[in-house]
Amino acid sequence: LIPSQFLFFDNLRVKDNLTLPIYLAGKSKKEIKTRLEYLLETFSFHDSSGNLDKISLKFLMKKKIKELSNGQKEIV
């Protein structure tokens with residue numbers, strides 16, 4: 001078992017935690033949006049039954065980090 005350590009701002013949404021480093025690096029809004037879309041496309045899972053929705057990054061984007069389970073944090 002490998003212990004996980006999460007370095008997130010608990011009161012921020014997943015989206016904000018993911019885009020904060022890009023924003024602080026001085027990237028444009030367009031670049032931030034492009035990178036975020038790439039992450040969503042790469043790490044959003046879907047199946048016809050909808051069972052994978054709760055582990056999809058797209059599903060988690062609006063949630064605050066403190067609302068996520070440890071498994072969901074692993075995905076982020």
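Heads up: numbering here begins at 1 and tracks the sequence.
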Query raised in the report: Please walk me through it: do Leu57 and Thr42 pass side chain to side chain contact (heavy atoms under 4.5 Å, CB included)?
Result: CA-CA 9 Å; Leu57 189 56; Thr42 304; over 6 Å; no

Let me check something: any side-chain donor-acceptor pairs from residues 58-67 under 3.5 Å, sequence neighbours excluded? List them with distances.
residue	atom	partner	partner atom	Å
Lys66	NZ	Asn11	OD1	3.0
Glu67	OE1	Lys64	N	3.1

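Not a single donor-acceptor pair under 3.5 Å links the side chain of Glu37 to the backbone N or O of Thr34.
Separation of atoms CG (Asp10) and CZ (Phe8) is listed at 9.5 Å; rounding is to 0.5 Å.
The list of salt bridge (charged side-chain N to carboxylate O under 4.0 Å, His left out) pairs with a residue in residues 14-28, not counting sequence neighbours, reads Arg13-Asp16.
By the 4.5 Å side-chain criterion applied to Ile, Leu, Val, Met, Phe, Trp and Tyr, Tyr23 is assigned to a cluster that also includes Phe9, Leu12, Leu20, Ile22, Leu24, Ile32.
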